[in-house]
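The block underneath contains the structure these notes are about, expressed in C-alpha cells.
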Amino acid sequence: MKNLINKTLSTMAITAGTVILLASCNSTGNSTTNETAIDSASAADLELSLTLEWKTDSSFTGSESALYHAPNNTIYLSCGNTDPSAKDGDGFIASLHPDGTVKEKDWVTGLDAPRGMAILNDKLYVTDIDVVRIINIETAEIEETIPVEGSVFLNDLATNGTSIFFSDSRAGVIYAMSEAGEVTSVVTGAEGVNGLECYNGDLYSLDAEGLKRFDSEYTSMLINSEITGGDGLVILGDSTFIASRWQGEVYYINGKESTLLLDTQAEESKTADIGYIADLNLLLVPTFTKNELAAYRFE
C-alpha cells in the first residue's frame, strides 16, 4: 500500500509464568493447531513484548474483524461498520498480504455491516446484521445469504471444523449452523456475548461475565471474570489467551489472571475483533474508528 506506515513503538513488556505460545486460532476451520510449547523451566519469568510492526492507511472504513487464511497467505478484513445496524450496502471485505500491503481493497462488496468471519472448506462465512453470508474464496462471490430468524445484532463467528458458531450480542444468543445451513440456538442468556473461538473441540466466548468455555453439551465454565465485555478472542493454549475490548484495550490472559498488553484509548483508536498469524507472531488489530488495520509482533 502506498500509504503503508512502517514504524516501531517502544516495547511494552510483561512478566508471565509458564505459557504456551503461537497456537493458531480455529477461525480458519483447521482441526489442528500450530503451537510451540515453551519448556516450563525456561519459561519462568518469561518476558513478552508487543511491538507495532505495521499499520495500514485509513481507507478501511469501520474496520471490524481481521482473519488470516494460511492456505492463500491472506488477511481478510471486514469493513463498512460506521452504522453497524444499517442495511446500506456499503460493507466490504478487503484482502491484504501479511506485510500489510493491499491485495484487493474491495475484494467482496455489496454487504451491509460485515463483522465476524470464519473459514470452513474454502468458504468464508461472515455475519452481517441478521444474516450470514457465505463467500466463495476462489471466485470472491457471495454464494448464499442465510437469514437468522429472530436475530438482532449478529457479531463474531468461529468454526470447529464441522460447524459454524456465531454470536448475537444484543439478544445474548450463540447459534450453531451446519454446512447445510441449518441454524439452531445453542446458548441463551449470555448477556453481551461477542468474541467466539473453538479449541480442542470446545467453544469459547467473551461476554458480560468474562471468558467462558462450553463443553459438547454447551454447559459453560467461567475461566476468567476480569475481562468482561470482550470483543475479539485468540486462543494460544489450554489456559492462555489474548482478548480485546472494543474501547481500546488488549489483554493477555493466563487462567484467572490477566495483564494489559495494549491501551490505545488516549488515541481514541478502538481495538475490535483481533486476529493472529501464528507463524509470524503477529496480532492483527482492526482500529474501527481509525479505519485501519494494525499488526503487533510478539517477541
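These figures come from a predicted structure and were not determined experimentally.
A heavy-atom distance below 4.5 Å is not found between the side chains of N72 and E138. Contact of the L96 side chain with the K103 side chain is not registered, since no non-hydrogen atoms from C-beta on lie closer than 4.5 Å. Residues L206 and R245 have side chains not in contact (no heavy-atom distance under 4.5 Å, counting atoms from C-beta outward). Side-chain contact check for F241 versus I223: some heavy-atom pair is nearer than 4.5 Å. The shortest side-chain heavy-atom distance between V183 and F166 falls under the 4.5 Å cut-off. Taking 4.5 Å as the limit, every side-chain heavy atom of T56 sits out of range of all side-chain heavy atoms of K290. You'll find the side chain of V187 stays beyond 4.5 Å of the side chain of V193, heavy atoms only. Using a 4.5 Å heavy-atom cutoff, the side chains of E64 and P286 are not in contact.
Separating the CH2 atom in W54 from the OG1 atom in T101 is a distance of 8.5 Å, to the nearest 0.5 Å. Atom CG of N281 is separated from atom OG1 of T51 by 11.5 Å, given to the nearest 0.5 angstrom. The CD1 atom of I137 sits 10.0 Å away from the CG atom of N121 when rounded to the nearest 0.5 Å. Interatomic distance, CG of D90 versus OG1 of T82, reported as 5.0 Å (0.5 Å rounding). A distance of 8.0 Å separates CG of D57 from CD of E292, quoted to the nearest 0.5 Å. From R133, atom CZ reaches atom CD1 of I129 across 8.0 Å, with rounding to the nearest 0.5 Å.
Applying side chain to side chain contact (heavy atoms under 4.5 Å, CB included) to D168 and the options L154, T127, T188 leaves one that passes, L154. Of the candidates I135, T74, L77, W107 forms a side chain to side chain contact (heavy atoms under 4.5 Å, CB included) with just one, namely I135.
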side-chain contact (heavy atoms from CB on, under 4.5 Å) between I119 and L67, intermediate numbers included:
CA-CA 9 Å; I119 295 172; L67 174 65; 3.8 Å; yes
Check your understanding: Does the side-chain contact (heavy atoms from CB on, under 4.5 Å) test come out yes or no for I146 and Y125, once each step is laid out?
Key -> CA-CA 10 Å; I146 299 178; Y125 290 73; 5.8 Å; no
- Apply side-chain contact (heavy atoms from CB on, under 4.5 Å) to T287 and K270, showing your working. CA-CA 5 Å; T287 63; K270 307 305 181 184; 5.9 Å; no
>> Working note: K123 + N136, criterion side-chain contact (heavy atoms from CB on, under 4.5 Å); need CA distance, chi angles, decisive distance, verdict.
In response: CA-CA 5 Å; K123 302 293 176 68; N136 185 309; 4.1 Å; yes
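In the hydrophobic clustering of ILVMFWY residues, with side-chain heavy atoms under 4.5 Å counting as a link, I134 and F165 come out apart. Linking ILVMFWY residues whenever their side-chain heavy atoms come closer than 4.5 Å, directly or via other members, leaves M117 and I174 in distinct clusters. At a threshold of 4.5 Å between side-chain heavy atoms, the hydrophobic network of Ile, Leu, Val, Met, Phe, Trp and Tyr places L280 and L284 in one connected group. V152 and V148 sit in two unconnected hydrophobic clusters of ILVMFWY residues. Membership requires side-chain heavy atoms under 4.5 Å apart, directly or through other members. Hydrophobic clustering (ILVMFWY, side-chain heavy atoms < 4.5 Å, transitive): I235 and L203 are in distinct clusters.
N224 places a side-chain N or O within donor-acceptor distance of the main-chain N or O of G255, the cut-off being under 3.5 Å. For the pair E191 (side chain) and A208 (backbone), a donor-acceptor distance under 3.5 Å is absent. One N or O on the side chain of S95 and one on the backbone of E104 form a donor-acceptor pair closer than 3.5 Å. Checked by atom type and distance alone, the side chain of S167 pairs as donor or acceptor with a backbone atom of N194 at under 3.5 Å. Checked by atom type and distance alone, the side chain of T264 never pairs as donor or acceptor with a backbone atom of T271 at under 3.5 Å. Panel note: side chain D128, backbone D112; a donor-acceptor pair is recorded below 3.5 Å.
Y199 and N160 are not linked by any side-chain donor-acceptor pair at a separation below 3.5 angstrom, with hydrogens and angles left out of the test. A donor-acceptor contact closer than 3.5 angstrom is absent between the side chains of K105 and S59. Side-chain contact annotation: Q265 with E249, donor-acceptor N/O pair under 3.5 Å present.
Under a cutoff of 6.0 Å and an axis angle of 45°, R115 and F153 form a cation-pi pair.
Closest heavy-atom contact between P114 and L111: CB-CD2, 3.8 Å. The minimum heavy-atom distance between Y276 and Y68, with the atom names listed, is O-CB, 4.0 Å. Contact detail for D207 and A190: the closest heavy-atom pair is OD2-CB, 3.9 Å. Considering all non-hydrogen atoms of both residues, A94 and F60 come closest at CB-CE2, 3.6 Å. When all heavy atoms are compared, the tightest approach of L52 to A294 is CD1-CB, 4.0 Å. Of all heavy-atom pairs between S205 and L196, the closest is CB-CD2, 3.6 Å.
Summarising the local packing, CD of E257 is surrounded by 12 or fewer heavy atoms from other residues, nucleotides or ligands at distances under 6.0 Å. Dense packing is recorded around CD of E179, with more than 12 heavy atoms of other residues, nucleotides or ligands lying under 6.0 Å away. The 12-atom threshold is not exceeded at NZ of K256, counting heavy atoms of other residues, nucleotides or ligands nearer than 6.0 Å.
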